[in-house]
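Okay, so here's the structure we're looking at.
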Amino acid sequence: MSFKAGSRALLRLLAALLFLLPLLWMASASLNAPGDPLPTSLRLLPPHPTLANYGRIFRLLPLGRYTLNSLLVVALAVPITLVVSSWAGLGMARLPKPAQRRWITLSLAVLMVPGIALWSTRFLLYRELGWYDTVWALIAPAWMGTSPFYVLMFYRAFRRIPAAIYDAAHLDGAGVLQTWWLVALPMARMTAVAVALLTFVFYWGDFTSPLLYLRSGEHATLPVALQTLQQLSRSDWALVLAAAVWTTLVPVALFLLLPLLFNRRQKRSVS
Amino acid sequence: MILHKPDRPELLRARLILPFFLFLLVLAACAGPAPTEVSFMVFGDPAEYNAYKELVDTFNAAHADVQVTLTHVPSASEYRTRLVTEFAAGSPPDISLMNYRRFASFAANDMLEPIGPFLAQSDLMGLEDFYPAATEAFTWQGALMCLPQNISSLVVYYNADLFAAAGLPEPPDKWTWDDFRQTAVALTRDLDGDGTIDQYGLGMEPSLFRLAPFVWQNGGPLVDDDARPTRLTLTRPPALEALQWFTDLHNVYGVVPGREAEASQDSESRFMAGTTAMYLNSRRGVPTYREIDSFRWDVAPLPNGRTSAGILHSDAFCLSRTTADKEAAWQFIEFANSVAGQTILAATGRTVPSLMAVAESDAFLNPGQPPSRAQVYLDNAPIMRRVPIMTTWQEIEGVADEEIERAFYGDIAVADAARLATQRTEEYFLRADFNAP
Amino acid sequence: MSNGRLHPRLSPSARWRLLLLPYALGVIVLVIVPAAFSFALAFFHYDALSPPVWAGTLNFVLAYTDELFLLSIRHSLALILIPVPLRVAGAFLLARLMQRNGRFLNWFRTAVYLPSVVPGAAFALAWLWILNPLYGPLNLLLSALGFAPPAWLVDPDWARPALALMALWQIGEGFIVSLAALYDMPAELEDAARIDGAGSWATLRSIVLPLIAPILLLLTFRDVIFTFQESFTQIYLLTQGGPYYATYTMPLFIYEQGFDLQAFGVASAAMWVMYAITGLIVVALVVIARQWNIGTTEETFVL
């Protein structure tokens, strides 16, 4: 290996380790045995590493219910977002040029609206609709594709499909929905996967919606459970971090497994 | 669309549905009316939550027609935001536990149903059975708004084993500011000689609410008029001296953790871990402290300055005006504050009961669990004072706390903190509604 | 059997437009109407309990004369001015580092992106521990290396740098976008430069950067908006705006006015200002881009 390639490999390794460091620290601290003193010198693992805190968080809070609530939210929000944003992206891509520019400008303007401008009036809106303290308040943004950014991502992907392909589909008698499902979406698979992942991460980690639009513990999701736990056990760091690790497990697992899933589908479609 | 005949099994199923529903209706009618659901919201640590859970479970078991559901918010300061949001959403809890420092804005905005009339008609107890200090704290412009559950006060929790290890006698029933400070100094030690303090003599929050009793003990008022205050009087010499003494505990004598240490591990956790000898708190901490099994602990009264003074801590059951079935909700409130209910709560350690009969009973004074010196709380009753009851008091505390904390950790001089606190809180006094009409 | 036609009478282009309907409806109901209502509230007194009362421009005056408001603007801008360029530059340089093939490349890329997958609340609490002044691993590391570690989130001078530090780990999105842009670049250009003897630094400056600039501009744009408007969760969990307002930003001011003090009118006035500042920053970015001849048409979004 040349010097250049070698030093590049070393730099990459260092960068990777640097980025993993906070996660390692978080996981390591969660293994501290309850009652053990806090560390006074740098260490990789606590002296008596234990998974006891992971059991404690379930006893202290109904964390199982909160996890199911979070799963329900993403199970609803991700498909709805994919449908709405890919429809919009495709619709935009098929418009004449001037109209496309208008929709882009609109999307950018909407993107710039501060989220907090919407908090209190959405609160009033959900109250009128009867969505207050229900899961519908948590997934509401999915009905507009969650973010104009995802619409623009699909727009970008669909615009790169040559017009000839759309025309061919039209000649074959395919309607709009069929074109979307059978022609456009498969060609934007990577974008769809990216949007799905980003959407999942967004709703899984959404803190302000449950904070503002839920009241009872019944529908609470993991992020507010984290806040509750932090307020209950302010200095019990291992406990709080165990809950943080638990909250992180699902998106991280999904993220790590996704390429594997993706590769398998590729192989199948190729063969 | 081609219609086709349903298959035989489907038809059979369809034919069964109607009778099934009729059967359900009959069953429902026979079961009698559904119980009224009453929602009850509290704040506090898990141990406090469990105390109320016990109360609610006992009530539910004995009443088939009224069932109480308990919800819980861990942080007392966020509690008001939650309540306001729920009132704004039109679905507040039927009963909420409120602190006397925070209930005024709800009363002023007509969100509470006065509890006085219900109490007057009760067979179980009357107004005269409660400590006056507690019921006065929840009277708004002449009407009793909420029913107080407790008459707690600020006391000193101490680690008896650490006192013994240092060869010090446990705090007496009467001690002075100097005694207190010297004790704290003696108990602040660097145990392993590495230059950092491992054991602190004292832990407390640097807040206006903690400072207030010391201001009163030094002869100073906290505000210029107790009934209709217009400003804080922290800049006057008695209050200023008290603030100086208060902040010297950190800046001069170092008996409390510094800002970094406090942020790394808060004083209450240190007390429970056995590395802080004394901790200032109200009765609220007892259910959690009863989980301590590594050392013996007890309570002592606050030290006395020029005079003795305590500060009222009190929470009450408040009934929302929008509650559908107020009689049902009152049933629970009545139970919770009857001798039976207050005995249950007293046994959990959470309250210093507001019913004189229960406070003077063994359930509170000799429960067989720490603290053994429970009389300390009752001794405070005659000398305790309260902060003004006004709609913007929580904001005033919030702003004053910021400046007091800065002076406590040495960021600014005491005189500047007093001046800033006074200036910054003026607008809240101007905007306020008061208890006195 | 239906053939996917939504309606037999509509023309093809109208049918394509129908696809935009859910998005358009959603935007109107969930964004435009609430935002318009919010902005209108700026001219009323409203506390969510009694009906709104007309206040004219009073709320703007109240906000303008509130020193906390001006402070929140200053702090918001401070959290953008230096950290955002650092993040975009960091994302780009990392992408450049991980552009060419190599062993374990996918693992390294995954590692860089991983912190961005961690939910915001969990990430904030993890850093609350990492930045713990006495027992947190960062300060233990700094002490071991011989430095006197700062108190981070409890020190008014170090609280904002602490937030900026934490934000550096979540550049995953920018990293991926930069990677994609680098890949879309025609490889022949770089090869030609290398054959001509240009060093990697010169190649970067004169060939790669100009081509990548539109994407970097977009990333900066998005990062500014994100930091300015969406940093609420982490500040709320970590410092609540403290210590002594060191991390008090506009979102916190608005939240406090709205949900703590029930002054929704003042909160809305502050939102006007926030939106205006965002607009100004965007315009500034576009002007800078024009100066440097970076493409700013919708081509930017297609590349």
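Sequence lines set the chain letters: A, B, ... in the order given, protein chains first and strands last, and positions in each chain run from 1.
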**Report entry** Per-residue contact mode, C:L125 against chain A (heavy atom under 4.5 angstrom)
**Finding:** both

Query raised in the report: Would a 4.5 Å heavy-atom cut-off, applied to side chains only, mark A:V176 and C:L18 as touching?
Result: no

Let me have the donor-acceptor pairs involving side chains of residues 143-153 of chain A, under 3.5 Å, with sequence neighbours excluded, atom names and distances please.
| from | atom 1 | to | atom 2 | distance (Å) |
| --- | --- | --- | --- | --- |
| A:T146 | OG1 | A:T81 | OG1 | 2.8 |
| A:T146 | OG1 | A:Y203 | OH | 2.8 |
| A:S147 | OG | A:F149 | N | 3.0 |

Requested in this report: Using the six-membered ring wherever Trp is involved, compare the ring planes of C:W129 and A:W237 and label them parallel, tilted or perpendicular (cut-offs 30° and 60°).
Outcome: tilted

Query raised in the report: Does the side chain of C:L140 come within less than 4.5 Å of A:P39's, by heavy atoms?
Result: yes

Requested in this report: Name the region of C:M98, side chain, backbone, both or neither, that has any atom closer than 4.5 Å to a heavy atom of chain A.
Outcome: both

Query raised in the report: Take atom CH2 in A:W136; do more than 12 heavy atoms of anything else shown fall under 6.0 Å from it?
Result: no

Requested in this report: Please state whether the side chain, the backbone, both or neither of A:L23 comes within less than 4.5 Å of a heavy atom of chain C.
Outcome: side chain

Query raised in the report: Side chain, backbone, both or neither: which part of C:A126 has a non-hydrogen atom closer than 4.5 Å to chain A?
Result: both

**Report entry** Portion of A:L17 that has a non-hydrogen atom of chain C nearer than 4.5 angstrom
**Finding:** neither

Query raised in the report: Can you check whether A:L18 reaches C:W169 side chain to side chain, under 4.5 Å on heavy atoms?
Result: yes

Query raised in the report: chain A heavy atoms under 4.5 Å from C:Y236: which part of the residue, side chain, backbone, both or neither?
Result: side chain

List, one per line, each side-chain donor-acceptor pair under 3.5 Å for residues 19-32 of chain C, sequence neighbours excluded.
| from | atom 1 | to | atom 2 | distance (Å) |
| --- | --- | --- | --- | --- |
| C:Y23 | OH | A:S107 | OG | 3.0 |

Report task. Against chain C, label A:V113 side chain, backbone, both or neither, depending on which of its atoms sit under 4.5 Å from a heavy atom there. Result -> both

Report task. Return yes if some donor-acceptor pair links the side-chain N/O of A:R8 with the main-chain N/O of C:L97 below 3.5 Å, else return no. Result -> no

Report summary line: Cut-off 4.5 Å, heavy atoms of chain A, and the answer for C:R109 is neither

Requested in this report: Would you mind checking which part of A:F158 comes under 4.5 Å of any heavy atom in chain C, side chain (CB onward), backbone (N, CA, C, O), both or neither?
Outcome: neither

Query - Check: A:T179 and C:W16 side chains under 4.5 Å, non-hydrogen atoms - result: yes

Query raised in the report: Which bit of C:F226 comes within less than 4.5 Å of chain A, counting heavy atoms only: side chain, backbone, both or neither?
Result: neither

Query raised in the report: Is there side-chain contact between C:P137 and A:L42, with heavy atoms separated by less than 4.5 Å?
Result: yes

Query raised in the report: So C:F37 and A:L125, side-chain contact (heavy atoms from CB on, under 4.5 Å) or not? Walk me through it.
Result: CA-CA 11 Å; C:F37 193 37; A:L125 177 73; over 6 Å; no

Query raised in the report: Side chains of C:Y255 and A:T208: does their closest heavy-atom pair fall under 4.5 Å?
Result: no

Query raised in the report: So what's closer than 4.5 Å to chain C heavy atoms on A:L38: side chain, backbone, both or neither?
Result: both

Requested in this report: Kindly indicate whether the side chain of C:L168, heavy atoms from C-beta on, has any atom under 4.5 Å from the side chain of A:F19.
Outcome: no

Report summary line: Cut-off 4.5 Å, heavy atoms of chain A, and the answer for C:L94 is side chain

**Report entry** ring pair (Phe, Tyr, Trp, His ring centres under 6.0 Å) between C:F264 and A:W119, intermediate numbers included
**Finding:** CA-CA 11 Å; C:F264 287 103; A:W119 284 346; over 10 Å; no

Query raised in the report: Is the CG atom of A:L44 crowded by more than 12 outside heavy atoms at less than 6.0 Å?
Result: no

Query - Toward chain A, the part of C:Y46 with a non-hydrogen atom under 4.5 Å - result: side chain

Query raised in the report: In residues 248-255 of chain A, which residues are in contact with chain C at a heavy-atom separation under 4.5 Å?
Result: A:T248, A:P251, A:V252, A:F255

Report task. Could you look at A:S41 and say if it's the side chain, the backbone, both or neither that has a heavy atom under 4.5 Å from chain C? Result -> backbone

Query raised in the report: What do you reckon, is CH2 of C:W127 surrounded by more than 12 foreign heavy atoms closer than 6.0 Å?
Result: yes

Query raised in the report: Is a side-chain N or O of A:W204 found less than 3.5 angstrom from the main chain of C:V118, in a donor-acceptor match?
Result: no

Report task. Using salt bridge (charged side-chain N to carboxylate O under 4.0 Å, His left out) as the criterion, list what pairs up with A:R102, not counting sequence neighbours. Result -> none

Report task. Report yes if the side chains of C:F104 and A:R12 come closer than 4.5 Å at any heavy-atom pair, otherwise no. Result -> no

Report task. Measure distances from C:I254 to the heavy atoms of chain A and classify the residue's part below 4.5 Å as side chain, backbone, both or neither. Result -> side chain

Report task. Sort C:S268 into side chain, backbone, both or neither according to what part of it lies under 4.5 angstrom from a heavy atom of chain A. Result -> neither

Query - Contact class of A:W246 relative to chain C, heavy atoms under 4.5 angstrom - result: neither

Report task. Give, as side chain, backbone, both or neither, the part of C:N132 having an atom under 4.5 angstrom from any heavy atom of chain A. Result -> side chain

Report task. Examine whether an atom of A:L226 lies under 4.5 Å from a heavy atom of chain C, and if so say whether it belongs to the side chain, the backbone or both; otherwise answer neither. Result -> both

